[in-house]
Every structure is written in C-alpha cells, then in structure tokens.
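For reference, the structure discussed in these notes is given below.
Every heavy atom of this structure was used, including side-chain atoms; hydrogens, water molecules and symmetry mates were not. Convention: sequence-line order gives letters A, B, ...; per-chain numbering from 1.
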2 protein chains.
Amino acid sequence: MARPRRSQAREDAKGEFVEAAWELFSRRGYDATPVSAIIEKVGLSKGSFYYYFTSKEEVLDAVVSRIVDEISRAVEPIPSHPEFTTQEKMRSFFRAIGDWKVANMDIIREAAEVIYRDENVIIRHKMNNMVVERLSPALAEIVARGIEEGAIDAEEAEGTAEMILRFFNAMAEMQAASFVAAKDDPAALMRVIRKAELYMAAIEKMLGVSRGVLSPLDADFEERLQGAVSGEGMPREPGLSGERG
Amino acid sequence: MARPRRSQAREDAKGEFVEAAWELFSRRGYDATPVSAIIEKVGLSKGSFYYYFTSKEEVLDAVVSRIVDEISRAVEPIPSHPEFTTQEKMRSFFRAIGDWKVANMDIIREAAEVIYRDENVIIRHKMNNMVVERLSPALAEIVARGIEEGAIDAEEAEGTAEMILRFFNAMAEMQAASFVAAKDDPAALMRVIRKAELYMAAIEKMLGVSRGVLSPLDADFEERLQGAVSGEGMPREPGLSGERG
DNA sequence: GAATATATACCGACGGTCGGTATAATATGC
DNA sequence: GCATATTATACCGACCGTCGGTATATATTC
C-alpha cells in the first residue's frame, strides 16, 4: 500500500490548511482572516485552497471538527468503563472536557479574547453545536444507565443529555460574556468560577444528584486553572511568518 | 430644541433604516443583505446611511435593540405587580416572552428559517445577550422576592436570574436546531414543544418550584402556537417595495 | 518500455461584490 | 448668508470565489 509520492505534493496539504486556519482564526478571528492569509501561511495558492475546500466556511467546519474530535476521543470510552459508578462517569465526562480546556489553556487564553468577540460567534456556535451532536450519545448512555440504577432522576436519556450539554454551553457563554466584560480585572476569573459553580450546581439539582457530582469541587482544579490562566503555560510561538524557503 | 423640519427630509430616516434592515435581515439574513439593499428599500443614499450608522453592525444592534425593547416593556411592570404571587409573576414573565413570540409568529415563522441558519448566529447571539442584559434585572427582582418568601430555592437572585435566561436561550437554540433539522416535518413542531417542556421542567426543578409554574401547561397555548405556526396568522405583506410617495 | 491518456495537485490573474470613505451639494435655522 | 444638519455621488480597497491552464504521477495499451 505504499503511497506513491509526488515530488511537489505535500504530505497532507489539507491538514496544513486546517492547522493554519485554526492558528489564524484563533488569533485574528474568522471574518478578519482572509483566505489569502491561510494560503500564505501554508505556502500554497488559492487554487489549491479551493481544490480542498469549497468555501472559507468549510475550512472552519474542518477546524471545529478537528477540535471536537479530540474531546470526543477522550470522552467516548467513559460510558462503558467497567468499574465506574454513574457518578464517577459523569464526573469523568465533564472532567475530560475541563481537562482538555486546561491542557489547551495557553491557546484558549490567547484565543479567548478573540473568539469571544461578537464577530466570532460563528466559531463558538459551530463548536457548541458539534459538541452537542458528537458528545451527547456518550452522555446519553451514562444518563440512561443512571436512570435505570435510580442514580439520576430524569425521564428521557437522550433529551436530557442534549439538554445538559446545551446548559453547559450556556455556561460557557456566560463565561465568555464575563471575561470580555471584565477583561483586565484579575479578580474576574475567580468570580467567573464561582458563577460557573452556580450553573453546575443547578444542573446537578435538576438531575437529582448530590452536589459535587459534576463540578470537580477539588482545590486541585482551581489551582491548575489558576496557574494556566495566569500564564504559566507555554506561550505560543510568536512568529506569524509561515512561509520559508 | 425644536426639530428642524425640511421638505425632503424624512420624519425619521434612522427609524426607517432600522425597519428596512429588520425586514431584510429577517428575510435574507445578515451577511446576505448588502447595505445597498437597505438603502434602496428606504430610498436614500449611502451617505445617509453612514450618517446615521457608523457600520452595518450598528444597524443590526439597533434592530435587535428595538425588538428587545418591545419585550422589555411587557416584562418590566411584572415584578412590582401588587397582587401577583411569585409563581404568578414567574409565569407572567415567561408568558410575556411567549406571547410576544406568538404575536409575532407570522414574522418569526418566516424569519426563523433564515435566522436559524448558521450564517445568522450573529443575530441570535445579539438577541440572546441583550435579552439577558435587559430582562435579568426584572427577573432578578422576582427571584429575590421569591427567595425571601421561600417560594424559590436559590442562593443568589441576580446570578440565578441570569442563568435562567441563559438556559432559556439554550432552549431556543435547541428549538432552532430542531426546526432546521426537521424542516418540513409537520410532526416536528409538536416534538419540539415536548422537548421544550423538558427544559422548562428542568428549570423549575432547579428552582425548587412545582411543575407548571414556568411552563404554561395550558391547552390554550399549544393551540395558539399550533394555529400561528400552521399559518393562520396574517402573512407579511408580499412586496419588498417599501418606498412610496 | 515507449507512447498515450487520465487523474491529481496546484497556480495566479481576474471578476464582481461589498463595506466603508471622501467630498461635494443642498436644505434649514438663525 | 453663514453654520449646521442632511443627503448624494464617486470612489477605494479588500475580499471571496472562479476559471483557464500547467505539471507531475499513475494507468493503459501496444
């Protein structure tokens, strides 16, 4: 199956476009990034870009899909974990999302400012919808099992799972709004975390599970988050110059 | 401060721009509506448009603001209603929003398809944020009183009110997604209503109030909605020609 | 294994649209 | 008739997406 290699062809030109697009979108925003910038960064031409994608929006879809894929991979095995209780599964599920965020915090922190701007709702919207779409089956499985066991108080697993994720997204939107509103206030972060606890507590309450099942409530988490947010993580490499010899 | 009146001048050129923009945005979408179309509809020029608005986005803000104003006016007197119980206030509050939707259903129904498209998230986003911003003080007042009375189980009124509205928005997003997904399925509407009840029940549960406090649960509502959605309402006037002597 | 045909990857100029600006022209109040 | 408010027109530059075309690699045929 050895792939024939073309002299001029890239290994994975399409992937390079997606990567470049994400870096640019997250730094400059979607509307503010012309296709020409993506092209320049990759070092290919407009013709190539439109060979792989039918539109600028399509490359955004690919970007979002790649990100959600990562989270999805972390989350999918959880429902069938043999030893976890429903509560542990639920916690792992949200923890996995949280961990992804923390792991990518250096990117998120930098990108947040950009992505949370009104003009870039389209990015968040696509993320949110894809999260619901791709993650709700796994969550539904956990919820269904939880209902059977009596650990969760709900009527219908799929609808409930979808709803939880949408509420989760609503929380993220609140965080977005709060961060943008109080940009340079160092105390803002902690206030946002407190606010987020309100949301998690509400979701717990509505599922009839005890406090702390979804929200970590461990000092560890806040510390990690604190550290990541305050900028101890690696900064992204500075240069935007993508093309070189 | 007497308004200078001029023979050629419009009574309210700015308002006409806003009106025209709303009609076009709701029919064609935001991105797909060029400023030139708004101008043509009003019968003025680009110079005038940019005299009143600094950007295309600003006219969108004005459009959204005008809509939220309408809802806001209906909602603001509710908290101080002398005879309503907390439950009645809560119900009135959401009823007012629902009524606005039903009253404008003929517009919404037509606009929904357009507005719910991905490319038009920006419209919904601005609506959602403005709803939270402008309506949460009134709701917070109700919630605060409810907490005092022991009718509502929550810790903090403002945060809770904001959260409720955000969850409400999340429900609307679910409806958006469902409608778009099952566009021509007549049964879809009823399924969406059932799903919406799941959300309202969840919010009720999380506030510790009994089922039916927020969600109407009256046959009347479903009927009105049914009627409005199935197209018994007035269709919007067909022509796009807005300018007349 | 040379010749031919075809698919894949890529190029870059160009068209047309659109948001926004510059500036001139006109109206109105004083 | 002057300052200010309002409107018109011409124009700019950025941008998305298209299109005709090229080059290389593979498949086919003899």
Side-chain angles (χ1 to χ4, degrees), chain A residues 1-21 24-25 27-63 117-120 122-123 240 242-243 245, chain B residues 1-21 24-25 27-63 117-120 122-123 126 242-243 245:
Chain A
M1 265 295 187
R3 263 300 122 102
R5 197 55 50 76
R6 294 197 174 128
S7 56
Q8 280 181 298
R10 306 277 176 130
E11 268 304 314
D12 177 21
K14 189 169 180 175
E16 280 183 63
F17 277 125
V18 174
E19 173 68 23
L24 288 162
F25 291 164
R27 274 188 236 263
R28 303 184 190 176
Y30 177 68
D31 283 338
T33 302
V35 175
S36 64
I38 304 172
I39 289 157
E40 268 173 47
K41 202 170 167 68
V42 171
L44 284 170
S45 72
K46 209 155 203 187
S48 295
F49 181 89
Y50 282 99
Y51 176 77
Y52 291 109
F53 307 96
T54 65
S55 67
K56 187 183 172 185
E57 195 188 348
E58 204 173 279
V59 81
L60 173 59
D61 286 335
V63 162
R117 284 207 286 261
D118 270 6
E119 12 149 357
N120 291 317
I122 183 68
I123 303 179
L240 284 184
E243 70 281 2
Chain B
M1 270 296 189
R3 268 301 125 115
R5 194 55 53 74
R6 61 209 25 249
S7 56
Q8 282 181 299
R10 309 285 175 125
E11 269 303 316
D12 176 22
K14 188 168 180 175
E16 280 184 63
F17 277 125
V18 175
E19 173 69 23
L24 288 162
F25 290 165
R27 274 187 235 264
R28 304 185 191 174
Y30 177 68
D31 281 338
T33 301
V35 175
S36 64
I38 304 171
I39 289 159
E40 266 174 49
K41 201 171 168 67
V42 171
L44 283 171
S45 69
K46 214 161 195 183
S48 295
F49 181 90
Y50 281 98
Y51 176 76
Y52 293 109
F53 308 95
T54 65
S55 68
K56 188 185 174 187
E57 196 187 349
E58 203 173 279
V59 82
L60 173 59
D61 286 335
V63 162
R117 284 208 286 261
D118 270 5
E119 14 149 355
N120 291 316
I122 184 68
I123 303 179
K126 281 182 184 285
E243 67 283 3

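In this structure, B:E57 and B:Y30 have side chains that are in contact, with non-hydrogen atoms separated by less than 4.5 Å. Side-chain contact between B:F53 and B:V18 is present, with at least one heavy-atom pair separated by less than 4.5 Å. Contact of the B:Y50 side chain with the B:V35 side chain is registered, since non-hydrogen atoms from C-beta on lie closer than 4.5 Å.
Rounding to whole angstrom units, CD of residue A:E58 and P of D:dG17 are separated by 10 Å. In this structure, CG of B:L44 is placed 18 Å from P of D:dA5, rounded to the nearest angstrom. Remark: P of D:dC16 and CD of A:E40 are 12 Å apart, rounded to the nearest angstrom. Going from atom CD1 of A:I38 over to atom P of C:dG12 covers 18 Å, rounded to whole Å. Rounded to whole angstrom, the span from the CD atom of B:E119 across to the P atom of D:dC16 amounts to 16 Å. Following rounding to the nearest Å, B:I39 (CD1) and D:dT9 (P) show an atom-to-atom distance of 12 Å. Atom-to-atom, CD of A:E16 to P of C:dA9 comes out at 14 Å; the value is rounded to the nearest Å.
A side-chain contact (heavy atoms from CB on, under 4.5 Å) with A:F49 holds for exactly one of A:V42, A:I39, A:L44; it is A:I39. Applying the side-chain contact (heavy atoms from CB on, under 4.5 Å) test between B:F25 and each of B:I122, B:V59, B:N120 identifies B:V59 as the sole match.
Distances shown here put a side-chain N or O of B:Y51 below 4.0 Å from the OP1 or OP2 atom of D:dT6. The phosphate of D:dA5 has neither OP1 nor OP2 within less than 4.0 Å of any side-chain N or O from B:Y52.
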All N/O pairs under 3.5 Å across the protein-nucleotides 16-20 of chain C interface:
{"unit_1": "C:dG19", "atom_1": "OP1", "unit_2": "B:K56", "atom_2": "NZ", "d": "2.9"}
{"unit_1": "C:dG19", "atom_1": "OP2", "unit_2": "B:V35", "atom_2": "N", "d": "2.9"}
{"unit_1": "C:dG19", "atom_1": "N7", "unit_2": "B:K46", "atom_2": "NZ", "d": "3.1"}
{"unit_1": "C:dG20", "atom_1": "OP2", "unit_2": "B:Y50", "atom_2": "OH", "d": "2.9"}
{"unit_1": "C:dG20", "atom_1": "OP2", "unit_2": "B:K56", "atom_2": "N", "d": "2.8"}
{"unit_1": "C:dG20", "atom_1": "N7", "unit_2": "B:K46", "atom_2": "NZ", "d": "2.9"}
{"unit_1": "C:dG20", "atom_1": "O6", "unit_2": "B:K46", "atom_2": "NZ", "d": "2.6"}

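The side chain of B:S48 lies closest to D:dT7 when the candidates are C:dC11, C:dA9, D:dT7.
Note that NZ of B:K56 and CG of B:D61 are 13.0 Å apart. Values are rounded to the nearest 0.5 Å.
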